[in-house]
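Every value quoted in this text rests on a predicted model; they were computed, and no experiment measured them. One-based numbering along the sequence shown.
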Amino acid sequence: MALIVQKFGGTSVGGPERVRHVAQIITDTYRQGNDVVVVLSAQGKTTDQLLALAKEYNPKASKRELDQLLSTGEQQSVALAAMCIQGMGFPVVSLNAWQVGFKTNTTYGDARISKIETERIRMELDQHKIVIFTGFQGINRRDDITTLGRGGSDASAVALAAALRADLCQIYTDVDGVYTADPNKVEGARKLDEITYDEMLELATLGAKVLHNCSVEMAKRYNVRLEVLSSFTGNPGTKVKEVVKKMENSHVSGVAKDKDIARLALVGLKNEPGVAFRIFSLLSNRKINVDIILQSIGRDDQKDISFTVSRSDLEQAKALLEERKDTLNYESLEVNDHVAKVSIVGAGMIGSPGVAAKMFEALYDAGININMISTSEIKVSVLVDEMDADRAVQTIHDKFFRDFNRRR
Ligand code: ADP
Ligand code: ASP
Ligand code: MG
(Lines give C-alpha, C1' and ligand atoms only; values in the text may rest on other atoms or scores of the structure.)
(Ligands and ions follow the chains in the order given, each with its own letter.)
Protein backbone atom coordinates (compact mmCIF):
# COMPACT_ATOMS: atom_id res chain seq x y z
CA MET A 1 0.00 0.00 0.00
CA ALA A 2 1.31 3.42 -0.93
CA LEU A 3 0.39 7.03 -0.32
CA ILE A 4 -0.16 8.71 -3.67
CA VAL A 5 -0.81 12.41 -4.35
CA GLN A 6 -2.63 12.99 -7.63
CA LYS A 7 -3.09 16.49 -9.04
CA PHE A 8 -5.52 17.31 -11.85
CA GLY A 9 -5.35 20.60 -13.76
CA GLY A 10 -8.16 22.81 -15.02
CA THR A 11 -8.81 21.08 -18.36
CA SER A 12 -8.77 17.68 -16.65
CA VAL A 13 -11.70 18.72 -14.43
CA GLY A 14 -13.38 21.04 -16.94
CA GLY A 15 -17.00 19.81 -16.57
CA PRO A 16 -19.12 16.95 -15.20
CA GLU A 17 -17.93 14.40 -17.80
CA ARG A 18 -14.29 15.22 -17.13
CA VAL A 19 -14.78 15.08 -13.37
CA ARG A 20 -16.45 11.68 -13.67
CA HIS A 21 -13.49 10.44 -15.69
CA VAL A 22 -11.00 11.82 -13.16
CA ALA A 23 -13.05 10.29 -10.33
CA GLN A 24 -12.56 6.94 -12.05
CA ILE A 25 -8.76 7.37 -12.06
CA ILE A 26 -8.84 8.38 -8.38
CA THR A 27 -11.10 5.55 -7.22
CA ASP A 28 -9.15 2.98 -9.27
CA THR A 29 -6.01 4.05 -7.41
CA TYR A 30 -7.89 3.83 -4.12
CA ARG A 31 -9.34 0.40 -4.92
CA GLN A 32 -5.82 -0.90 -5.52
CA GLY A 33 -5.29 -0.35 -1.79
CA ASN A 34 -3.53 3.03 -1.82
CA ASP A 35 -4.10 6.09 0.32
CA VAL A 36 -5.05 8.84 -2.11
CA VAL A 37 -4.73 12.59 -1.64
CA VAL A 38 -6.01 14.55 -4.61
CA VAL A 39 -5.19 18.18 -5.44
CA LEU A 40 -7.47 19.98 -7.88
CA SER A 41 -7.27 23.19 -9.88
CA ALA A 42 -10.30 25.31 -10.64
CA GLN A 43 -12.44 23.87 -13.43
CA GLY A 44 -11.60 24.84 -17.01
CA LYS A 45 -11.02 28.57 -17.42
CA THR A 46 -12.63 29.51 -14.08
CA THR A 47 -9.58 31.40 -12.78
CA ASP A 48 -9.41 33.53 -15.95
CA GLN A 49 -13.14 34.19 -15.73
CA LEU A 50 -12.86 35.25 -12.10
CA LEU A 51 -10.02 37.62 -13.00
CA ALA A 52 -12.14 39.14 -15.78
CA LEU A 53 -15.05 39.47 -13.38
CA ALA A 54 -12.91 41.28 -10.83
CA LYS A 55 -11.86 43.77 -13.53
CA GLU A 56 -15.50 44.69 -14.12
CA TYR A 57 -15.77 45.76 -10.50
CA ASN A 58 -12.35 47.32 -10.03
CA PRO A 59 -9.47 47.00 -12.47
CA LYS A 60 -7.10 47.94 -9.65
CA ALA A 61 -8.47 45.62 -6.97
CA SER A 62 -6.02 44.76 -4.20
CA LYS A 63 -4.20 41.45 -4.42
CA ARG A 64 -5.76 40.43 -1.13
CA GLU A 65 -9.28 40.73 -2.48
CA LEU A 66 -8.27 39.04 -5.73
CA ASP A 67 -6.98 36.05 -3.75
CA GLN A 68 -10.19 35.97 -1.77
CA LEU A 69 -12.06 35.69 -5.08
CA LEU A 70 -9.71 33.43 -7.09
CA SER A 71 -9.55 30.81 -4.34
CA THR A 72 -13.27 30.16 -4.79
CA GLY A 73 -12.54 28.44 -8.11
CA GLU A 74 -10.63 25.63 -6.41
CA GLN A 75 -13.16 25.49 -3.60
CA GLN A 76 -15.96 24.77 -6.11
CA SER A 77 -13.86 22.22 -7.90
CA VAL A 78 -13.05 20.08 -4.85
CA ALA A 79 -16.63 20.08 -3.54
CA LEU A 80 -18.03 19.01 -6.93
CA ALA A 81 -15.45 16.26 -7.35
CA ALA A 82 -16.10 15.00 -3.82
CA MET A 83 -19.85 14.90 -4.57
CA CYS A 84 -19.14 12.89 -7.70
CA ILE A 85 -16.96 10.38 -5.81
CA GLN A 86 -19.56 10.17 -3.05
CA GLY A 87 -22.10 9.29 -5.74
CA MET A 88 -19.86 6.40 -6.79
CA GLY A 89 -20.04 5.04 -3.26
CA PHE A 90 -16.54 5.85 -1.99
CA PRO A 91 -15.66 7.55 1.31
CA VAL A 92 -14.32 11.01 0.49
CA VAL A 93 -13.83 14.45 2.01
CA SER A 94 -12.94 17.74 0.38
CA LEU A 95 -10.75 20.16 2.34
CA ASN A 96 -9.52 23.69 1.75
CA ALA A 97 -6.30 25.38 2.85
CA TRP A 98 -7.85 26.71 6.03
CA GLN A 99 -9.16 23.31 7.12
CA VAL A 100 -5.81 21.63 6.48
CA GLY A 101 -3.51 24.36 7.78
CA PHE A 102 -1.69 24.98 4.51
CA LYS A 103 0.38 28.02 5.49
CA THR A 104 2.13 30.55 3.28
CA ASN A 105 3.89 33.89 3.62
CA THR A 106 1.93 37.11 3.15
CA THR A 107 2.71 37.80 -0.53
CA TYR A 108 -0.81 37.87 -1.96
CA GLY A 109 -1.03 36.59 -5.52
CA ASP A 110 2.37 34.92 -5.43
CA ALA A 111 2.69 33.39 -1.96
CA ARG A 112 5.37 30.92 -0.92
CA ILE A 113 4.42 27.84 1.08
CA SER A 114 5.86 28.00 4.59
CA LYS A 115 4.35 25.09 6.54
CA ILE A 116 1.77 22.37 6.06
CA GLU A 117 -0.04 20.79 8.98
CA THR A 118 -0.67 17.13 8.21
CA GLU A 119 -2.88 16.06 11.17
CA ARG A 120 -6.25 16.64 9.53
CA ILE A 121 -5.32 14.84 6.32
CA ARG A 122 -3.76 11.95 8.26
CA MET A 123 -6.91 11.67 10.34
CA GLU A 124 -9.09 11.45 7.23
CA LEU A 125 -6.74 8.92 5.62
CA ASP A 126 -6.84 6.83 8.81
CA GLN A 127 -10.59 6.71 8.32
CA HIS A 128 -9.92 5.38 4.82
CA LYS A 129 -11.24 8.46 3.09
CA ILE A 130 -10.07 9.84 -0.22
CA VAL A 131 -8.95 13.42 0.49
CA ILE A 132 -9.61 16.11 -2.14
CA PHE A 133 -7.65 19.28 -1.49
CA THR A 134 -7.85 22.75 -3.05
CA GLY A 135 -4.73 23.55 -5.08
CA PHE A 136 -3.36 27.08 -5.59
CA GLN A 137 -4.45 28.46 -2.19
CA GLY A 138 -3.00 28.86 1.27
CA ILE A 139 -3.54 30.89 4.40
CA ASN A 140 -1.12 33.40 5.89
CA ARG A 141 -0.37 34.43 9.46
CA ARG A 142 -3.20 36.97 9.35
CA ASP A 143 -5.59 34.09 8.56
CA ASP A 144 -6.10 35.57 5.10
CA ILE A 145 -6.35 33.48 1.98
CA THR A 146 -3.37 33.68 -0.37
CA THR A 147 -2.75 32.17 -3.80
CA LEU A 148 0.48 30.68 -5.12
CA GLY A 149 0.68 32.35 -8.55
CA ARG A 150 -0.82 31.12 -11.83
CA GLY A 151 -0.32 27.40 -12.28
CA GLY A 152 0.35 27.09 -8.54
CA SER A 153 -1.67 23.91 -7.95
CA ASP A 154 1.36 21.90 -9.06
CA ALA A 155 3.25 23.44 -6.13
CA SER A 156 0.39 22.58 -3.75
CA ALA A 157 0.56 18.95 -4.86
CA VAL A 158 4.32 18.56 -4.55
CA ALA A 159 4.39 20.38 -1.20
CA LEU A 160 1.68 18.06 0.13
CA ALA A 161 3.54 15.04 -1.20
CA ALA A 162 6.68 16.21 0.59
CA ALA A 163 4.89 16.98 3.86
CA LEU A 164 3.05 13.65 3.85
CA ARG A 165 6.15 11.77 2.68
CA ALA A 166 4.07 10.38 -0.14
CA ASP A 167 5.48 7.55 -2.24
CA LEU A 168 4.55 9.25 -5.49
CA CYS A 169 3.22 12.58 -6.80
CA GLN A 170 1.36 12.35 -10.10
CA ILE A 171 0.59 15.54 -12.03
CA TYR A 172 -2.24 14.73 -14.42
CA THR A 173 -2.67 17.24 -17.25
CA ASP A 174 -3.94 17.58 -20.83
CA VAL A 175 -0.79 16.31 -22.59
CA ASP A 176 0.98 12.94 -22.26
CA GLY A 177 3.94 14.29 -20.30
CA VAL A 178 6.87 16.65 -20.68
CA TYR A 179 7.81 17.12 -24.33
CA THR A 180 10.89 18.49 -26.07
CA ALA A 181 8.76 21.62 -26.72
CA ASP A 182 5.12 22.60 -26.27
CA PRO A 183 3.35 19.81 -28.21
CA ASN A 184 0.38 22.09 -28.90
CA LYS A 185 2.59 24.57 -30.71
CA VAL A 186 5.68 22.84 -32.05
CA GLU A 187 5.55 20.30 -34.82
CA GLY A 188 7.61 17.20 -34.13
CA ALA A 189 7.78 17.75 -30.35
CA ARG A 190 8.24 14.39 -28.68
CA LYS A 191 7.59 13.07 -25.24
CA LEU A 192 10.48 12.53 -22.86
CA ASP A 193 10.32 9.34 -20.79
CA GLU A 194 12.45 10.97 -18.10
CA ILE A 195 13.94 14.35 -17.29
CA THR A 196 16.15 15.54 -14.42
CA TYR A 197 14.84 17.93 -11.77
CA ASP A 198 17.45 20.48 -12.87
CA GLU A 199 16.47 20.43 -16.52
CA MET A 200 12.76 20.48 -15.69
CA LEU A 201 13.31 23.41 -13.34
CA GLU A 202 15.05 25.36 -16.11
CA LEU A 203 12.36 24.50 -18.66
CA ALA A 204 9.57 25.49 -16.26
CA THR A 205 11.32 28.74 -15.32
CA LEU A 206 11.97 29.54 -18.99
CA GLY A 207 8.32 29.22 -19.99
CA ALA A 208 7.28 25.54 -20.24
CA LYS A 209 4.16 25.86 -18.13
CA VAL A 210 3.50 22.10 -17.99
CA LEU A 211 4.89 22.32 -14.43
CA HIS A 212 5.05 25.31 -12.09
CA ASN A 213 8.72 26.01 -11.38
CA CYS A 214 8.25 26.07 -7.58
CA SER A 215 6.82 22.57 -7.75
CA VAL A 216 9.96 21.28 -9.43
CA GLU A 217 12.20 23.10 -6.99
CA MET A 218 10.39 21.50 -4.07
CA ALA A 219 10.37 18.07 -5.67
CA LYS A 220 14.13 18.29 -6.00
CA ARG A 221 14.67 19.63 -2.50
CA TYR A 222 12.51 16.98 -0.82
CA ASN A 223 13.27 14.20 -3.28
CA VAL A 224 9.63 13.72 -4.25
CA ARG A 225 9.03 11.03 -6.87
CA LEU A 226 7.28 13.07 -9.54
CA GLU A 227 5.48 12.02 -12.70
CA VAL A 228 3.63 14.07 -15.36
CA LEU A 229 0.91 12.24 -17.26
CA SER A 230 -2.33 12.69 -19.14
CA SER A 231 -5.76 12.44 -17.54
CA PHE A 232 -7.13 11.83 -21.06
CA THR A 233 -5.12 9.00 -22.60
CA GLY A 234 -3.77 6.63 -19.95
CA ASN A 235 -0.39 6.59 -21.74
CA PRO A 236 2.81 6.38 -19.69
CA GLY A 237 4.01 9.87 -18.75
CA THR A 238 7.33 11.53 -17.92
CA LYS A 239 9.28 10.81 -14.76
CA VAL A 240 11.06 13.78 -13.19
CA LYS A 241 14.03 12.60 -11.12
CA GLU A 242 17.57 13.26 -9.94
CA VAL A 243 19.44 11.19 -12.52
CA VAL A 244 18.16 9.91 -15.84
CA LYS A 245 19.44 7.64 -18.59
CA LYS A 246 20.73 9.97 -21.28
CA MET A 247 18.87 10.10 -24.55
CA GLU A 248 20.75 8.69 -27.45
CA ASN A 249 21.04 11.70 -29.71
CA SER A 250 20.92 14.97 -27.93
CA HIS A 251 22.71 17.33 -25.60
CA VAL A 252 19.46 19.22 -25.43
CA SER A 253 16.29 18.07 -23.65
CA GLY A 254 13.91 20.81 -24.64
CA VAL A 255 13.14 24.21 -26.11
CA ALA A 256 11.01 26.78 -24.25
CA LYS A 257 9.59 30.20 -24.94
CA ASP A 258 8.72 33.02 -22.55
CA LYS A 259 6.80 36.06 -23.75
CA ASP A 260 6.44 37.59 -20.32
CA ILE A 261 9.53 39.68 -20.77
CA ALA A 262 10.53 43.25 -21.61
CA ARG A 263 13.85 44.90 -22.32
CA LEU A 264 15.13 48.20 -20.96
CA ALA A 265 18.28 49.89 -22.22
CA LEU A 266 20.11 52.73 -20.49
CA VAL A 267 22.11 54.50 -23.16
CA GLY A 268 25.05 56.84 -22.58
CA LEU A 269 25.99 55.95 -19.02
CA LYS A 270 29.30 57.11 -17.54
CA ASN A 271 31.97 54.43 -17.95
CA GLU A 272 33.07 54.38 -14.31
CA PRO A 273 32.85 52.06 -11.27
CA GLY A 274 29.55 51.82 -9.40
CA VAL A 275 27.17 52.41 -12.32
CA ALA A 276 25.80 48.85 -12.49
CA PHE A 277 25.64 48.72 -8.72
CA ARG A 278 23.46 51.86 -8.56
CA ILE A 279 21.07 50.66 -11.25
CA PHE A 280 20.55 47.11 -10.03
CA SER A 281 20.42 47.88 -6.32
CA LEU A 282 17.72 50.43 -7.07
CA LEU A 283 15.68 47.75 -8.83
CA SER A 284 16.34 45.00 -6.31
CA ASN A 285 15.28 47.27 -3.43
CA ARG A 286 11.86 47.38 -5.11
CA LYS A 287 11.93 43.59 -5.56
CA ILE A 288 12.15 43.87 -9.34
CA ASN A 289 13.83 40.78 -10.72
CA VAL A 290 16.34 41.35 -13.50
CA ASP A 291 17.14 38.55 -15.89
CA ILE A 292 19.52 38.91 -18.86
CA ILE A 293 22.03 41.78 -18.52
CA LEU A 294 24.20 43.10 -21.32
CA GLN A 295 26.82 45.83 -20.98
CA SER A 296 28.47 47.30 -24.03
CA ILE A 297 32.22 47.84 -24.16
CA GLY A 298 32.87 51.38 -22.92
CA ARG A 299 33.87 53.94 -25.52
CA ASP A 300 34.61 57.67 -25.10
CA ASP A 301 33.88 57.51 -21.38
CA GLN A 302 30.43 56.10 -22.09
CA LYS A 303 28.73 52.71 -22.01
CA ASP A 304 25.23 51.25 -22.36
CA ILE A 305 23.53 48.69 -20.14
CA SER A 306 20.47 46.78 -21.21
CA PHE A 307 18.54 44.17 -19.25
CA THR A 308 15.25 42.32 -19.13
CA VAL A 309 12.47 42.25 -16.54
CA SER A 310 9.10 40.54 -16.54
CA ARG A 311 6.38 42.56 -18.30
CA SER A 312 4.44 43.02 -15.11
CA ASP A 313 7.45 44.85 -13.62
CA LEU A 314 8.11 47.02 -16.67
CA GLU A 315 6.10 50.10 -15.75
CA GLN A 316 7.52 50.23 -12.24
CA ALA A 317 11.10 49.71 -13.46
CA LYS A 318 10.72 52.41 -16.09
CA ALA A 319 9.23 54.92 -13.65
CA LEU A 320 11.99 54.23 -11.14
CA LEU A 321 14.79 54.73 -13.67
CA GLU A 322 13.20 57.92 -15.02
CA GLU A 323 12.77 59.29 -11.54
CA ARG A 324 16.50 58.76 -10.89
CA LYS A 325 17.74 59.94 -14.29
CA ASP A 326 19.99 62.61 -12.77
CA THR A 327 21.71 60.41 -10.20
CA LEU A 328 22.10 57.49 -12.60
CA ASN A 329 23.36 59.93 -15.18
CA TYR A 330 22.30 58.40 -18.50
CA GLU A 331 21.32 60.00 -21.80
CA SER A 332 18.25 58.02 -22.75
CA LEU A 333 16.10 55.11 -21.70
CA GLU A 334 14.78 52.73 -24.36
CA VAL A 335 12.01 50.27 -23.66
CA ASN A 336 10.82 47.32 -25.75
CA ASP A 337 8.05 45.00 -24.64
CA HIS A 338 7.68 43.23 -27.98
CA VAL A 339 10.40 40.73 -27.24
CA ALA A 340 10.44 37.07 -26.21
CA LYS A 341 13.02 34.76 -24.71
CA VAL A 342 13.68 31.46 -26.43
CA SER A 343 15.84 28.90 -24.64
CA ILE A 344 17.35 25.48 -25.04
CA VAL A 345 17.89 23.36 -21.93
CA GLY A 346 20.00 20.26 -21.45
CA ALA A 347 22.36 18.86 -18.85
CA GLY A 348 24.30 17.34 -21.75
CA MET A 349 25.45 20.70 -23.07
CA ILE A 350 28.12 21.14 -20.38
CA GLY A 351 31.43 20.81 -22.14
CA SER A 352 29.83 20.70 -25.60
CA PRO A 353 30.71 24.06 -27.14
CA GLY A 354 28.95 23.21 -30.39
CA VAL A 355 25.49 23.37 -28.84
CA ALA A 356 25.14 27.16 -28.63
CA ALA A 357 26.58 27.54 -32.12
CA LYS A 358 24.03 25.06 -33.46
CA MET A 359 21.22 27.12 -31.92
CA PHE A 360 22.57 30.36 -33.41
CA GLU A 361 22.97 28.67 -36.80
CA ALA A 362 19.30 27.65 -36.73
CA LEU A 363 18.31 31.26 -36.10
CA TYR A 364 20.68 32.53 -38.80
CA ASP A 365 19.22 30.09 -41.33
CA ALA A 366 15.74 31.38 -40.50
CA GLY A 367 16.87 35.01 -40.73
CA ILE A 368 16.02 35.72 -37.09
CA ASN A 369 18.01 38.40 -35.33
CA ILE A 370 19.31 37.81 -31.79
CA ASN A 371 19.03 40.82 -29.46
CA MET A 372 20.64 39.36 -26.35
CA ILE A 373 22.21 36.08 -25.26
CA SER A 374 22.58 34.50 -21.86
CA THR A 375 24.03 31.12 -20.95
CA SER A 376 24.45 28.86 -17.96
CA GLU A 377 25.78 25.33 -17.58
CA ILE A 378 22.52 23.79 -18.73
CA LYS A 379 20.82 26.43 -20.86
CA VAL A 380 21.25 29.00 -23.60
CA SER A 381 18.68 31.78 -23.91
CA VAL A 382 18.29 34.35 -26.65
CA LEU A 383 16.10 37.40 -26.79
CA VAL A 384 14.31 37.80 -30.13
CA ASP A 385 11.50 39.98 -31.45
CA GLU A 386 8.16 38.69 -30.24
CA MET A 387 6.87 38.20 -33.78
CA ASP A 388 9.78 35.85 -34.51
CA ALA A 389 9.42 33.80 -31.33
CA ASP A 390 7.24 30.92 -32.52
CA ARG A 391 9.29 30.51 -35.67
CA ALA A 392 12.48 30.61 -33.58
CA VAL A 393 11.26 27.81 -31.32
CA GLN A 394 10.24 25.66 -34.30
CA THR A 395 13.45 26.17 -36.21
CA ILE A 396 15.65 25.51 -33.16
CA HIS A 397 13.60 22.43 -32.31
CA ASP A 398 13.95 21.18 -35.89
CA LYS A 399 17.68 21.66 -35.73
CA PHE A 400 18.16 19.62 -32.56
CA PHE A 401 15.45 17.00 -32.95
CA ARG A 402 14.85 16.58 -36.70
CA ASP A 403 17.44 13.84 -37.12
CA PHE A 404 15.88 11.86 -34.35
CA ASN A 405 12.37 12.33 -35.71
CA ARG A 406 13.48 11.32 -39.19
CA ARG A 407 14.96 8.08 -37.90
CA ARG A 408 11.68 7.06 -36.32
P1 ADP B 1 -2.93 22.09 -16.20
O2 ADP B 1 -4.19 22.87 -16.32
O3 ADP B 1 -3.13 20.61 -16.25
O4 ADP B 1 -2.08 22.53 -15.06
P5 ADP B 1 -1.29 23.62 -18.01
O6 ADP B 1 -2.04 24.30 -19.11
O7 ADP B 1 -0.84 24.43 -16.86
O8 ADP B 1 -2.14 22.37 -17.55
O9 ADP B 1 0.01 22.89 -18.61
C10 ADP B 1 -0.12 21.98 -19.67
C11 ADP B 1 0.22 22.66 -20.97
O12 ADP B 1 1.59 23.01 -20.97
C13 ADP B 1 0.06 21.81 -22.20
O14 ADP B 1 -1.26 21.83 -22.69
C15 ADP B 1 1.07 22.41 -23.17
O16 ADP B 1 0.45 23.23 -24.14
C17 ADP B 1 1.95 23.29 -22.30
N18 ADP B 1 3.40 23.02 -22.46
C19 ADP B 1 4.34 23.99 -22.64
N20 ADP B 1 5.54 23.44 -22.77
C21 ADP B 1 5.40 22.11 -22.67
C22 ADP B 1 6.30 21.00 -22.72
N23 ADP B 1 7.63 21.16 -22.90
N24 ADP B 1 5.80 19.75 -22.57
C25 ADP B 1 4.47 19.56 -22.37
N26 ADP B 1 3.56 20.57 -22.33
C27 ADP B 1 4.02 21.84 -22.46
N1 ASP C 1 -6.41 27.70 -11.07
C2 ASP C 1 -5.10 28.30 -10.99
C3 ASP C 1 -4.71 28.88 -12.34
O4 ASP C 1 -5.49 28.82 -13.29
C5 ASP C 1 -4.07 27.36 -10.47
C6 ASP C 1 -3.72 26.20 -11.35
O7 ASP C 1 -4.43 25.91 -12.31
O8 ASP C 1 -2.70 25.55 -11.08
O9 ASP C 1 -3.66 29.45 -12.45
MG1 MG D 1 -0.73 24.08 -14.82
Side-chain angles (χ1 to χ4, degrees), residues 60 107 109-110 149 201-202 205-207 213 256-345 349 353 355-357 359-364 366-389 391-393 396:
K60 293 195 170 156
T107 314
D110 195 21
L201 181 57
E202 284 288 355
T205 308
L206 294 167
N213 58 352
K257 177 190 75 182
D258 185 359
K259 286 193 172 176
D260 174 28
I261 192 165
R263 182 175 65 156
L264 295 118
L266 290 162
V267 180
L269 288 156
K270 279 257 169 297
N271 189 18
E272 62 187 21
V275 172
F277 166 69
R278 280 197 293 276
I279 296 167
F280 296 113
S281 58
L282 179 68
L283 296 166
S284 80
N285 286 341
R286 297 291 175 93
K287 300 211 164 13
I288 296 175
N289 244 326
V290 170
D291 184 20
I292 308 176
I293 300 176
L294 190 74
Q295 176 175 307
S296 67
I297 297 170
R299 240 180 290 109
D300 306 329
D301 283 341
Q302 286 206 323
K303 63 184 172 189
D304 309 330
I305 292 183
S306 45
F307 56 92
T308 61
V309 297
S310 80
R311 275 188 203 169
S312 54
D313 285 336
L314 177 62
E315 281 314 312
Q316 203 196 350
K318 186 169 166 255
L320 210 54
L321 294 168
E322 278 170 350
E323 205 177 281
R324 302 289 175 88
K325 184 166 194 288
D326 290 343
T327 38
L328 296 174
N329 206 1
Y330 61 85
E331 274 170 12
S332 65
L333 171 64
E334 290 167 13
V335 172
N336 185 351
D337 61 355
H338 293 292
V339 289
K341 184 167 64 171
V342 174
S343 312
I344 53 172
V345 171
M349 69 173 73
V355 174
M359 178 187 192
F360 304 152
E361 186 186 16
L363 293 167
Y364 170 62
I368 295 171
N369 191 38
I370 301 172
N371 296 319
M372 286 171 121
I373 300 172
S374 127
T375 63
S376 79
E377 284 189 336
I378 66 164
K379 68 128 208 243
V380 181
S381 297
V382 294
L383 198 76
V384 299
D385 290 347
E386 187 176 10
M387 61 177 188
D388 291 332
R391 216 158 47 84
V393 173
I396 292 166

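Shortest non-hydrogen contact noted between Val339 and Ala262 is CG2-CA, 3.9 Å.
Tyr330 is not listed as a side-chain neighbour of Val267, based on a closest heavy-atom distance of 4.5 Å or more. Using a 4.5 Å heavy-atom threshold, the side chains of Ile344 and Met349 count as touching. In this structure the side chain of Asp313 never reaches within 4.5 angstrom of the side chain of Leu283, judged on heavy atoms. Here the side chains of Val309 and Gln316 are not in contact, with every heavy-atom distance at 4.5 Å or above. Residues Asp258 and Leu206 are not in side-chain contact: their nearest non-hydrogen atoms beyond the backbone lie 4.5 Å or more apart.
Applying the 6.0 Å contact sphere to CG of Asp301 captures no more than 12 heavy atoms from other residues, nucleotides or ligands. Residue Lys325 qualifies as enclosed at atom NZ: its count of foreign heavy atoms under 6.0 Å is above 12. Counting non-hydrogen atoms of neighbouring residues, nucleotides and ligands closer than 6.0 angstrom, the NZ atom of Lys318 reaches no more than 12 such neighbours.
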Practice problem: Apply side-chain contact (heavy atoms from CB on, under 4.5 Å) to the pair Leu321 and Leu282, showing each step before the final yes or no. | Solution: CA-CA 8 Å; Leu321 294 168; Leu282 179 68; 4.2 Å; yes
Quiz item: Would Ile305 and Ile279 satisfy side-chain contact (heavy atoms from CB on, under 4.5 Å), going step by step from the backbone distance to the final call?
Solution: CA-CA 9 Å; Ile305 292 183; Ile279 296 167; 4.1 Å; yes
Exercise. Could you walk me through whether Val275 and Gln295 pass side-chain contact (heavy atoms from CB on, under 4.5 Å), step by step?
Key: CA-CA 11 Å; Val275 172; Gln295 176 175 307; over 6 Å; no
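Note that the CZ atom of Phe360 and the CD1 atom of Ile396 stand 9.0 Å from one another [nearest 0.5 Å]. We find the NZ-CD distance between Lys270 and Gln302 to be 6.0 Å, quoted to the nearest 0.5 Å. Summarising the geometry, atom CG belonging to Leu266 is positioned 9.0 Å from atom CG belonging to Asp304; distances are rounded to the nearest 0.5 Å. A distance of 9.5 Å separates CG of Leu264 from CG of Asn336, quoted to the nearest 0.5 Å. Taken from CG in Leu328 to CD in Glu323, the straight-line distance is 10.5 Å, to the nearest 0.5 Å. Between the OG atom of Ser332 and the CG atom of Leu269 there is a distance of 9.0 Å, given to the nearest 0.5 Å.
Using modelled atom types, no side-chain atom of Arg263 and backbone atom of Ser306 make a donor-acceptor pair closer than 3.5 Å. Panel note: side chain Ser310, backbone Asp260; no donor-acceptor pair is recorded below 3.5 Å.
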Taking only distance into account, with no hydrogens and no angle test, what donor-acceptor pairs under 3.5 Å do side-chain atoms of residues 366-381 form with protein atoms, sequence neighbours excluded?
unit_1 : atom_1 : unit_2 : atom_2 : d
Asn371 : ND2    : Asp385 : OD1    : 3.2
Ser376 : OG     : Ile378 : N      : 3.3
Ser376 : OG     : Lys379 : N      : 3.4
Ser381 : OG     : Ser343 : OG     : 2.8

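Residues in residues 274-289 take part in these salt bridge (charged side-chain N to carboxylate O under 4.0 Å, His left out) pairs, two or more places apart or across chains: Glu272-Arg278.
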